[in-house]
Amino acid sequence: MKKLFAILLSAVLVVSLFGCGGSGSSAKTIKIGMVVPLTGDRASEGTYATNAAKIVQDEINGNGGVLGKNIEIVTEDSQGTDVGATTAYLKVAADDDIVAIIGPDNSNDDIAISDSAEKSAILTTTQGSSPKLQAVCEKGQWLFQLRATDSTLCGALMNFAVTEIGVKTFTVIHDTETASADQGRLFSEGITAAGGTVDADISFTTGTKDFTAQLTQAQKAGSEAIVIAGLQTEDAIIIQQLRDMGMTQPVFGSNGFGDTVTVGMAGKSIEGVYSVTAWVPNTPNELGAAFSKKYHDTYNQDCAKAAAQIRDHVYVICEAIKQANSTDRTAVRDAMLKITDFQGAITSYDCSKRGNCGKGGLIVQIKNLTPTIVKELSSAD
């Protein structure tokens, strides 16, 4: 009888230790989910993200954690697609101990997970910069866009091209996926607003490897400059093929062209390209410079935007948990809305409106395979 009692007592203790949970409230660690591409064409972004997550997790836990607990970043593979992102998101959100989730580094994927975020009722930060994503975040209750929207940044680059570089005629080439299509439209609107002319608007689809047709059409247009909006892999391929075809005019690109990932893939073909972006490894931001150095010292490579964004997302989420003094999902979401001036490695963040939370950007030019700051930008908000 005594032996049976001991067994029952042990079972009760196991249940009491591990059977409870719910929003991380009684877990030994505070779990934060992260959905990034670990496989597929954009897997390098996921590598930067997971590398950054390791640094930040160790950094925060080494300084006492959050609410006296260590944080644990739980990662799932988005596969670089909207379907993969949704599947990965739902898997993470199903864990009751997950307090918040960092969404993918792509507006299209972020929009794809938006319904799941609302149904799951869990704070989700998104990394995309599309104005369409901004509208989705502001309409919902649980999504926060921790980026400066392209509405501000694309127009600024085109104004710079027309008024400071002196270009008057442009051909705009863009992907048809959500973020790039938005950027293409905003580039065209910015050109017109600045007094320039769009000679041709040319599209392609994600995954294109041969841009001969698009670039031949651009050659026929005879514009003074080319503007390109796409994701990192396609950006690298198209700039290589553009130069191989003997096209020497200046190129202005979306944020992918200023990213370490694209520069590494494109090589010397990307020299001289202007880009509007959120991050450069040699950032003047004090927090950013410290993180960039730590990343380089740890992994012996430059810190890409995909890494710097994860750093900021984790810290903003942890700030919301601290302000809530709780890991209850609703309390953390409500605390997030009260964060109006949080300084990160990339920029400062105002989360009170959910969309367009990031407040800064950069115009850069690639010199000696290094994104070099030409001009600092601020969001219109």
field: Thr29 and Glu72 side chains, donor-acceptor separation under 3.5 Å
entry: yes
query: So, Gln134 side chain and Arg147 main chain: donor-acceptor pair closer than 3.5 Å or not?
result: no
Under 3.5 Å: donor-acceptor pair, side chain of Glu234, backbone of Gly207: yes
task: Mind checking the CD-OG1 spacing from Gln249 to Thr171? Nearest 0.5 Å is all I need.
output: 7.5 Å
Close side-chain approach of Leu377 and Leu157, heavy atoms under 4.5 Å: no
- prompt: Crowded around Asp297 CG? As in, over 12 foreign heavy atoms under 6.0 Å?
  reply: yes
message: Is it true that Gln343 and Tyr349 share a donor-acceptor pair across their side chains at a distance under 3.5 Å?
response: no
query: Residues two or more places apart in sequence or in another chain: which of them pass side-chain contact (heavy atoms from CB on, under 4.5 Å) with Ala117?
result: Tyr89, Thr124, Leu143
field: Sub-4.5 Å side-chain heavy-atom contact between Met34 and Thr50
entry: yes
message: Taking the side chain as everything from C-beta on, heavy atoms only, tell me whether Arg311 gets closer than 4.5 Å to Ile55.
response: no
task: Any chance you could lay out the side-chain contact (heavy atoms from CB on, under 4.5 Å) test for Glu45 and Val36, step after step, and finish with the verdict?
output: CA-CA 8 Å; Glu45 296 173 50; Val36 292; over 6 Å; no
message: Determine whether a donor-acceptor pair (N or O, by modelled atom type, separation under 3.5 Å) exists between the side chain of Gln57 and the backbone of Ile73.
response: yes
query: Any side-chain heavy-atom pair from Asn255 and Val276 closer than 4.5 angstrom?
result: no
query: Linking I/L/V/M/F/W/Y whenever any side-chain heavy atoms sit under 4.5 Å apart, do Leu133 and Met336 land together?
result: no
- request: Examine distances only and state if a side-chain atom of Glu376 and a backbone atom of Ile363 form a donor-acceptor pair shorter than 3.5 Å.
  value: no
query: Going by heavy atoms in the side chains, are Leu186 and Pro131 under 4.5 Å from each other?
result: yes
- request: Classify the side-chain pair Gln309/Gln127 by whether it contains a donor and acceptor separated by less than 3.5 Å.
  value: yes
- prompt: What do the steps show when you test Ile60 against Val314 for side-chain contact (heavy atoms from CB on, under 4.5 Å), and what is the final call?
  reply: CA-CA 10 Å; Ile60 291 174; Val314 174; 3.8 Å; yes
message: Please say yes or no: joined through hydrophobic side-chain contacts below 4.5 Å, possibly via intermediate residues, are Met265 and Tyr299 part of one cluster?
response: yes
- line: Here the gap from Thr125 atom OG1 to Ile101 atom CD1, rounded to the nearest 0.5 Å, amounts to 9.0 Å
- request: Give a yes-or-no answer on whether the side chains of His174 and Asp182 include a donor-acceptor pair shorter than 3.5 Å.
  value: no
query: Under 3.5 Å, is there a donor-acceptor pair between the Gln219 and Thr216 side chains?
result: no
Audit row: Asp58, Lys54, salt bridge (Lys or Arg N to Asp or Glu O under 4.0 Å) steps and yes/no: CA-CA 6 Å; Asp58 290 346; Lys54 292 174 185 175; over 6 Å; no
query: Are Phe291 and Val56 close enough, and set up right, to give a side-chain contact (heavy atoms from CB on, under 4.5 Å), and what steps lead you there?
result: CA-CA 9 Å; Phe291 182 74; Val56 175; 4.0 Å; yes
message: For a quick check under 3.5 Å, do Thr262 and Asp235 share a side-chain donor-acceptor pair by atom type?
response: no
task: For Asp110 and Thr126, indicate whether the former's side chain and the latter's backbone hold a donor-acceptor pair under 3.5 Å.
output: no
Side-chain donor or acceptor of Asp109 paired with backbone N/O of Ala85 under 3.5 Å: no
message: Using the rule that Ile, Leu, Val, Met, Phe, Trp and Tyr join whenever any side-chain heavy atoms are under 4.5 Å apart, tell me whether Val364 and Ile346 fall into a single cluster.
response: no
task: Test side-chain contact (heavy atoms from CB on, under 4.5 Å) on Ser129 and Thr149 and set out the steps.
output: CA-CA 5 Å; Ser129 55; Thr149 180; 5.8 Å; no
task: Would you tell me whether Asn285 and Thr283 have side-chain atoms, one donor and one acceptor, within less than 3.5 Å of each other?
output: no
query: Are Val172 and Phe160 grouped together when hydrophobic residues (ILVMFWY) are joined by side-chain heavy atoms under 4.5 angstrom apart?
result: yes
query: With distance as the sole criterion, is a donor-acceptor pair present between the side chains of Thr178 and Asn108 under 3.5 Å?
result: yes
- prompt: Hey, mind stepping through Glu138 and Arg354 against salt bridge (Lys or Arg N to Asp or Glu O under 4.0 Å) and telling me if it holds?
  reply: CA-CA 5 Å; Glu138 292 176 351; Arg354 297 189 183 89; over 6 Å; no
- request: Quickly, which of Thr197, Asp199, Thr169 forms a side chain to side chain donor-acceptor pair (under 3.5 Å) with Ser223? Name it, please.
  value: Asp199
task: Show your working on ring pair (Phe, Tyr, Trp, His ring centres under 6.0 Å) between Phe187 and Phe170 and close with a plain yes or no.
output: CA-CA 10 Å; Phe187 279 140; Phe170 301 80; 9.5 Å; no
message: Determine whether a donor-acceptor pair (N or O, by modelled atom type, separation under 3.5 Å) exists between the side chain of Asp82 and the backbone of Ala112.
response: no
- prompt: Under 6.0 Å between ring centres, would you say that holds for Tyr274 and Phe252?
  reply: yes
field: salt bridge (Lys or Arg N to Asp or Glu O under 4.0 Å) between Lys294 and Glu59, worked out
entry: CA-CA 11 Å; Lys294 180 177 286 189; Glu59 194 172 80; 2.5 Å; yes
query: Would Asp302 and Thr260 count as having a side-chain donor-acceptor pair, cut-off 3.5 Å?
result: no
message: Would a single hydrophobic cluster contain both Val280 and Leu153, if residues Ile, Leu, Val, Met, Phe, Trp and Tyr are joined by side-chain heavy-atom contacts under 4.5 Å?
response: no
query: Between atom OG of Ser116 and atom CD1 of Ile122, what is the distance when rounded to the nearest 0.5 Å?
result: 11.5 Å
statement: Output for pair (Ile310 CD1, Asp105 CG), nearest 0.5 Å, gives 7.5 Å
message: For Ile111, is there any backbone N or O sitting under 3.5 Å from a side-chain donor or acceptor partner on Ser114?
response: yes
statement: dist Arg42:CZ -> Gln232:CD (nearest 0.5 Å) comes out at 7.5 Å
query: So, Glu271 and Arg243, do they make that salt bridge, N to O below 4.0 Å?
result: no
query: To the nearest 0.5 Å, what is the distance between OG1 (Thr347) and CG (Leu146)?
result: 11.0 Å
- prompt: If we only count heavy atoms from C-beta on, is the Leu38 to Thr75 side-chain gap below 4.5 Å?
  reply: yes
- prompt: Does Ile226 sit in a hydrophobic cluster with other residues, and if so which ones, taking ILVMFWY side chains as linked at heavy-atom separations under 4.5 Å, directly or through other members?
  reply: Ile173, Ile202, Phe204, Phe211, Leu215, Ile228, Ile237, Ile238, Ile239, Leu242, Met245, Met247, Val251, Phe257, Val263, Ile270, Val273, Ile366, Leu369
- prompt: Has the side chain of Thr208 got a donor or acceptor atom that lies under 3.5 Å from a matching backbone atom of Asp210?
  reply: no
message: Under 4.0 Å between a side-chain nitrogen and a carboxylate oxygen: does that hold for Lys209 and Asp41?
response: yes
message: Looking at Lys338 and Asp334, is there a salt bridge between them, counting it only when a charged N and a carboxylate O are closer than 4.0 Å?
response: no
task: Consider only side-chain N and O atoms of Asp350 and Ser352, and report whether a donor and an acceptor are under 3.5 Å apart.
output: yes
task: For residues Ile32 and Val74, determine if any side-chain heavy atom of one lies less than 4.5 Å from a side-chain heavy atom of the other.
output: no
message: I'd like to know if the side chain of Ser120 reaches the main chain of Glu118, judged simply by a donor and an acceptor atom lying under 3.5 Å from each other, with no hydrogens or angles considered.
response: no
